[in-house]
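Atoms within a ligand are numbered from 1 in the order they appear, just like the ligands themselves.
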Amino acid sequence: GKEITIALAGNPNCGKSSLFNALTGAQQKVGNFSGVTVEKHEGYIDYKGYRITVVDLPGTYSLTPYSPEELVTRAYLVRERPDVVVNVLEGPNLERNLLLTTQLMELEVDFLVALNMMDEVEEKGIVIDIKQLQQLLGCHIIPVSAKKKSGLDALLDHIIRVSQKEIKIKKNKLFFTPSLEASVDKITALLSNQKELELYNSRWLAIKLLENDREVYQEVQHYPVWVKVELALQEALRDAERQHDSEPEMLITEDRHAFIRGAMKECVRQPGEVKATVT
Ligand code: GDP
Ligand code: K
C-alpha cells in the first residue's frame, strides 16, 4: 500500500490525544523526539489502501523557541516534513487556537484543520462559517468530534486527497502592516537564493528574524548573506520605530491578532449574537 505520514498539531486541551486515539486505536508506540525528553506518540491506521502514520506532536500555543515542546514541534515540521499537518482546533475556543494556525500559514506547510469538539459547538449554538474560514486560512477544514468519533472518515479522505495533491485550496498569506511587509519582503529576497537555507521557507525565516528568534538567528548567522540581512534588520527596526513607535516583533504579534479578530468577526457567531449586516 501507499504510505502517508501526518502530524497532529494543536494547543493543549484541543482534544489532540482523543483524536489520536480515535484514529489509531491500539496501533501505538511511545518514544522520544531525537535529543530531547519530549514524548513522541506515534501510531498508524490502514485506510483505503493507505498506511497512514500519525505523529502526535506536543500541545503548543505557538511556535516560539522558548520551550522544548515548541522547538520540537517546529523542528519536526521543518525538518521531517510530514506529508500533511493536521491542525486540531478546539471549536468552542477558536480565537485562542488560531494563533498556532497563523504560524502554520507562515511555515507554508501542507496543512488542514480538524475542527474538533463540533458536538460542543452545536450544543452551545455557536455558528461557524466553515467555507469562509477555509478561504481565510487557506486550508481545508473538516468538522469532527473526537469524543463522538464523528467526521473521522471525512478527515482521513481529505488527508489522502491533500497528500496526493488531488485537492488544493489556495494558500493564504497573513500580510503585515505595509512598512513591515516591505522589510519582510526585502529580507525574504536576501535569503531566498541561499542554497544552504533551502530547507527553510525564506519568508518564515525573515519573519522569525524580525521576531528576534534566537534559534533562527544562530542558524542564519553562519552564512555570508548575514552581513546584508543584519543591515536590513537594523533598517526594519528604524522603520518600525519611526512609523509606528514600535518594534517589528510587536507589530508582527499585533498583526497576527488583528487577522484572528477579523477571521472571528467574519466567520464565527456566538449564541444570541446577530450577524453584522453591511448597509
Ligand atoms: P489534548 O490535551 O489536546 O490531548 O486533549 P485531550 O484529548 O486530552 O482532550 C481534552 C479534553 O477535551 C478531554 O476532557 C476530552 O474528553 C475532551 N474532548 C476531546 N475531544 C472532544 C470532542 O470532540 N468533544 C467534546 N465535547 N470533548 C472533547
Ligand atoms: K471540554
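- Of the listed options P92, S18, G91, P58, S18 places a heavy atom closest to atom 19 (C) of ligand 1.
- At a 4.0 Å cut-off, not a single heavy atom of G59 sits close enough to ligand 1 to count as contact.
- Residue G15 has at least one heavy-atom neighbour below 4.0 Å for each of these atoms of ligand 1: 1 (P), 3 (O), 5 (O), 6 (P), 7 (O), 9 (O), 19 (C).
- Between Y76 and F33, the ring-plane angle classifies as perpendicular under the 30° and 60° cut-offs.
- Only the side chain of N116 comes within 4.0 Å of ligand 1, judged by heavy-atom distances.
- Among the atoms of K148, none of the N or O lies under 3.5 angstrom from an N or O of ligand 1.
- Of the possible donor and acceptor atoms, one in the side chain of N116 sits under 3.5 Å from a partner among the backbone N and O of A146.
- A salt bridge does not link D239 to K186: none of the charged side-chain nitrogens sits closer than 4.0 Å to a carboxylate oxygen.
- Taking every non-hydrogen atom of E120 and a distance limit under 4.0 Å, the qualifying atoms of ligand 1 come out as 25 (C), 26 (N).
- Any N or O atom pair closer than 3.5 Å counts here, and C14 shares at least one such pair with ligand 1.
- E70 places a side-chain N or O within 3.5 Å of a backbone atom of T64 that can act as its donor or acceptor partner.
- Salt bridge status for K208 with E211: present, with a side-chain N to carboxylate O gap under 4.0 Å.
- The backbone and the side chain of K16 each have at least one atom closer than 4.0 Å to an atom of ligand 1 (non-hydrogen atoms only).
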